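Since the model is a prediction, treat every value here as computed from it, not as a measurement.
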Amino acid sequence: MTTENTGSHDLPITPELAAFMTTGWADTRHDDLPQLPVAAYTRKRRARLAQRFPGERLVIPAGDLKVRSNDSDYRFRAHSAYAYLTGAQEPADVLVIEPSGEAVLYLRPRSPRSQGEEFYRDRRFGEFWVGRRPDLQEAASLYGLETAHIDDFRPGGRTLDQDAELTSYLSEMRLIKDEHEIAELQHAVDATTRGFEDVVRALPQALGHPRGERYVEGIFGLRSRLEGNATGYDSIVASGAHACVLHWIRNDGPLNRADLLLLDAGVETDGLYTADVTRTFPLSGRFSPIQRQVYDLVYEAQNAAIATLRPGARFRDFHLAAMRVIADGLAGWGLESDFETGLYRRYTLCSSGHMLGLDVHDCARARAETYLDGVLEEGMVLTVEPGLYLQPDDLTLPPELRGIGVRIEDDLVITADGARLMSGALPRSSAEIETWLEGLQ
């Protein structure tokens, strides 16, 4: 009898059991799997990448499983560049583009039932533990790629995340989205809209729970798993003064009817594209006068930012347009908010948007001259999200303003003559917000 024991769920097996497990299985291979729709696009992306680095070997790993605790791994999410070039999402696989331009996907195929113990004993890769993987032929059919066993992979060449030029170029490739990507992002936004509607319908129950923020997080998370892969990032569910924390993800506070709720959340599609939308709304259903004052200034700033979006405009223009409105508005309230010296930034803290795609902060490794200091082009998808974060302990503010946080964030695609509001199904103005809340409750 063998005695190895690799975990609390593993049990020793006898030679007889090992032999028995290799026989009596039906043939479940798929010989006619249709190619994934994304394969037509990944083929073009790989060709473009090979053209940029002619005669060089390029190595793009999917990434490995990461331990969460002891023998439990985090749910795997493939590296965005790998998914962009293959459409595949299995861990520990590697795409290689050879100097000839030929692409080969090295993968860990489904282990055969007729030999070995992996399929029923390996808790990380075994089919009976984590589900079925494609075999080499199935993967070739799905992804439109030549495939080989991962054991045949040999390191060497320019490798993603080890080669700055390769990593940067792959990020820059994703600045302009193709039609498949825009459709994926629109699906993510539409599902996110439904998730926000779910949240509003659930507010009566959430208001009665001591962890109302977490109740809201769970409601939106359900929609994300039903219509996509997951949330594209940790949802920010910030009630009251929590909204003054830019990345509040503890989500452990109660909801108070007198407060605003800032919800920043996005559904990630099965193809790994994410939306990124924020709405701030009164839990009572109606803005108080001071809440409306703050909200309407942010709304005015967002409108000014959106009006700048068009091909040829500098990426930074929309942020500057929003901040001029904010600075002027704060000055009108009697606050120190000079635009030239940046004093207004005490109350705004961060930039007003970013590229969006496979990553919520997409294309982050692109060079400044092609992104932050670059110009907008048709097919780019970005967020516009000005905000005001009036800290509860800020003595430069009158007491009635302290502890109010407002952000309005929408997703837009640059068109030939402007920009299309992808998240326009959700209300933006304070009056529209109130009507929306009333209609869903």
Side-chain angles (χ1 to χ4, degrees), residues 176-201 220 223-224 227-228 231-233 235-236 260-269 271 273-282 287 292 295-311 313 315 317-319 321-322 325 352-357 360 362 376-387 406-441:
I176 298 176
K177 271 60 181 177
D178 57 39
E179 59 185 357
H180 176 84
E181 293 180 284
I182 292 173
E184 281 279 297
L185 285 163
Q186 188 63 65
H187 173 69
V189 169
D190 293 344
T192 297
T193 295
R194 290 186 282 274
F196 274 64
E197 293 169 348
D198 294 340
V199 165
V200 173
R201 294 188 185 99
F220 187 84
R223 175 64 65 176
S224 299
E227 293 206 40
T231 54
Y233 53 95
S235 299
I236 298 168
L260 299 174
L261 177 66
L262 187 156
L263 175 59
D264 184 334
V267 173
E268 178 184 78
T269 68
Y273 287 83
T274 185
D276 183 8
V277 177
T278 306
R279 288 296 182 269
T280 308
F281 49 88
F287 290 95
R292 191 183 304 274
Y295 187 94
D296 286 351
L297 178 55
V298 175
Y299 175 65
E300 183 184 350
Q302 193 197 36
N303 282 338
I306 291 173
T308 72
L309 300 178
R310 63 181 58 85
F315 173 80
D317 284 350
F318 74 89
H319 169 69
V325 172
S352 300
H354 51 81
M355 293 297 175
L356 185 68
V360 65
D362 208 33
L376 299 178
E377 298 182 51
E378 185 177 359
M380 289 181 172
V381 178
L382 70 160
T383 74
V384 176
E385 52 171 321
V406 172
R407 179 164 64 252
I408 310 171
E409 180 177 21
D410 284 278
D411 304 340
L412 299 102
V413 57
I414 303 300
T415 61
D417 57 359
R420 177 170 64 84
L421 188 62
M422 302 177 80
S423 48
L426 284 172
R428 292 196 302 121
S429 74
S430 55
E432 291 169 342
I433 290 285
E434 289 175 337
T435 300
W436 177 64
L437 293 171
E438 183 180 13
L440 290 173
Q441 292 184 348

query: So, the side chain of Arg279 versus the backbone of Pro427: is there a donor-acceptor pair under 3.5 Å, distance only?
result: yes
query: Under 3.5 Å, is there a donor-acceptor pair between the side chain of Ser352 and the main chain of Val384?
result: no
query: Hey, mind stepping through His354 and Asp276 against side chain to side chain contact (heavy atoms under 4.5 Å, CB included) and telling me if it holds?
result: CA-CA 10 Å; His354 51 81; Asp276 183 8; 3.0 Å; yes
Residues which pass ring pair (Phe, Tyr, Trp, His ring centres under 6.0 Å) with Tyr233, listed by chain and number, not counting sequence neighbours: none
message: Just to verify, what does His187 make a ring pair (Phe, Tyr, Trp, His ring centres under 6.0 Å) with, not counting sequence neighbours?
response: none
task: Taking the side chain as every heavy atom from C-beta outward, state whether Val381 and Asp362 have any atom pair closer than 4.5 Å.
output: no
Glu438 (side chain) donor-acceptor with Thr435 (main chain) under 3.5 angstrom: no
query: Does Arg428 offer a backbone N or O that forms a donor-acceptor pair with the side chain of Glu432 under 3.5 Å?
result: yes
message: Could you report the tightest heavy-atom contact between Val199 and Phe281, atom names first, then the distance?
response: CG1-CZ, 4.5 Å
message: Val325 vs Leu297, test: side chain to side chain contact (heavy atoms under 4.5 Å, CB included). Steps then yes/no.
response: CA-CA 8 Å; Val325 172; Leu297 178 55; 4.0 Å; yes
message: I want to check something: taking the side chain as every heavy atom from C-beta on, are Asp411 and Thr383 in contact at a cut-off of under 4.5 Å?
response: yes
query: For the side chain of Thr308 and the backbone of Ala304, is there at least one donor-acceptor N/O pair under 3.5 Å apart?
result: no
- request: Provide the full list of salt bridge (Lys or Arg N to Asp or Glu O under 4.0 Å) pairs with a residue in residues 378-387, sequence neighbours left out, each pair given once.
  value: Glu385-Arg407
Trp436/Leu426 under side chain to side chain contact (heavy atoms under 4.5 Å, CB included): CA gap, chis, key distance, verdict: CA-CA 9 Å; Trp436 177 64; Leu426 284 172; 3.8 Å; yes
